[in-house]
Amino acid sequence: MDSADVRDDLDHVLYTEAQIMARLREIGAQIDADYAGRELLLVGVLNGAVMVMSDLARAMRSHMQMDWMAVSSYGAATKSSGVVRILKDLSCDIRGRDVLIVEDIVDTGLTLNYLLDNLRGREPASVEIMAMFRKPDALRVDVPVKYLGFDIPPEFVVGYGLDYAQRYRNLRDVATLAPHVYN
């Protein structure tokens, strides 16, 4: 879906598909360098990270494995509730493995902080975070994002996996959602 397809639903585009892909290529190269000679397990956080994880994996040149978790703190709201539930857990044991959590967005940091603590308790060799977007002005918990795509303003954004009520995930750009859509 192009921004033009839902023009009336958007205020403005923050990042285009081309900008997102260019940044993912840079991040993929850095991850390849940082984990050279080691096999990394990418853990995507469903549903939002599907686009990021797919494109990041394709941007990397090294072997990796993938697994998925589903956690929820939003529901149909536009702000995180702060209450985290695991809806789908990992399929594999991460003990002794290098793990990279792949997330679409860090908003308050509460969900990711919970997930980081949960995974660290499973005794991985290492666990780091890659987030495509972060809202620094909305953070309530500082989470150590090692690989960051872009910082964004504290507005409600959609596209590239980010949704409102399960819509707009397939928008290629990332844009602010017009208030008339969610009010």
Heavy-atom pair with the smallest gap, counting every atom of [X] and [Y]:
X      : Y      : result
Ala59  : Asp32  : O-OD2, 4.5 Å
Val50  : Leu46  : CG2-CD2, 3.6 Å
Val106 : Ala131 : CG2-CB, 3.6 Å
Val45  : Leu115 : CG2-CD2, 3.6 Å
Met66  : Ala57  : CE-CB, 3.8 Å
Met51  : Tyr160 : O-OH, 3.3 Å

[X] vs [Y] side-chain heavy atoms within contact, under 4.5 Å:
X      : Y      : result
Leu119 : Met69  : yes
Tyr147 : Leu100 : yes
Ile105 : Val157 : yes
Leu171 : Leu10  : yes
Phe133 : Val52  : no
Val43  : Val127 : no
Asp67  : Lys88  : yes
Met60  : Leu40  : yes

With clusters defined by side-chain heavy atoms of hydrophobic residues (ILVMFWY) lying less than 4.5 Å apart, directly or transitively, does Val145 cluster with Ile101?
yes
Shared hydrophobic cluster for Val13 and Phe150 (ILVMFWY, side-chain gaps under 4.5 Å):
no
Under the side-chain hydrogen bond (donor to acceptor under 3.5 Å, both in side chains) test, which residues partner Tyr35, sequence neighbours left out?
none
Using the side-chain hydrogen bond (donor to acceptor under 3.5 Å, both in side chains) criterion, which residues pair with Asp9? Sequence neighbours excluded.
Tyr168
Give a yes or no on whether His12 atom NE2 has more than 12 heavy-atom contacts from other residues, nucleotides or ligands under 6.0 Å away.
yes
Might you confirm whether atom CZ of Arg38 has over 12 heavy atoms from other residues, nucleotides or ligands at distances under 6.0 Å?
yes
Report the distance from atom [atom1] of [X] to atom [atom2] of [Y], rounding to the nearest 0.5 Å.
X      : Y      : atom1 : atom2 : value
Asp55  : Ile27  : CG    : CD1   : 11.5 Å
Leu116 : Glu103 : CG    : CD    : 11.5 Å
Arg97  : Leu41  : CZ    : CG    : 4.5 Å
Arg95  : Glu123 : CZ    : CD    : 4.5 Å
Phe156 : Leu177 : CZ    : CG    : 6.5 Å
Ile152 : Lys135 : CD1   : NZ    : 5.5 Å

Which residue, Gln19, Arg58, Met130, forms the side-chain contact (heavy atoms from CB on, under 4.5 Å) with Leu24?
Met130
Determine the sole option in Asn113, Asp107, Thr108 for which the side-chain contact (heavy atoms from CB on, under 4.5 Å) test with Arg140 is passed.
Thr108
Pair Asp34-Glu128, side-chain contact (heavy atoms from CB on, under 4.5 Å): steps then yes or no
CA-CA 11 Å; Asp34 290 350; Glu128 299 289 350; over 6 Å; no
side-chain contact (heavy atoms from CB on, under 4.5 Å) between Ile31 and Leu56: does it pass, once the steps are laid out?
CA-CA 10 Å; Ile31 293 169; Leu56 176 64; 4.0 Å; yes
Test: salt bridge (Lys or Arg N to Asp or Glu O under 4.0 Å). Region: residues 171-183. Which pairs qualify, not counting sequence neighbours?
Asp2-Arg172
Just do the side-chain contact (heavy atoms from CB on, under 4.5 Å) check on Cys92 and Gln65 with the steps written out, would you?
CA-CA 10 Å; Cys92 67; Gln65 293 182 0; 5.7 Å; no
Donor-acceptor under 3.5 Å ([X] side chain, [Y] main chain):
X      : Y      : value
Asn118 : Tyr114 : no
Asp104 : Leu162 : no
Arg23  : Leu148 : yes

Between Asp89 and Arg122, does at least one N-O distance fall below 4.0 Å, as a salt bridge requires?
yes
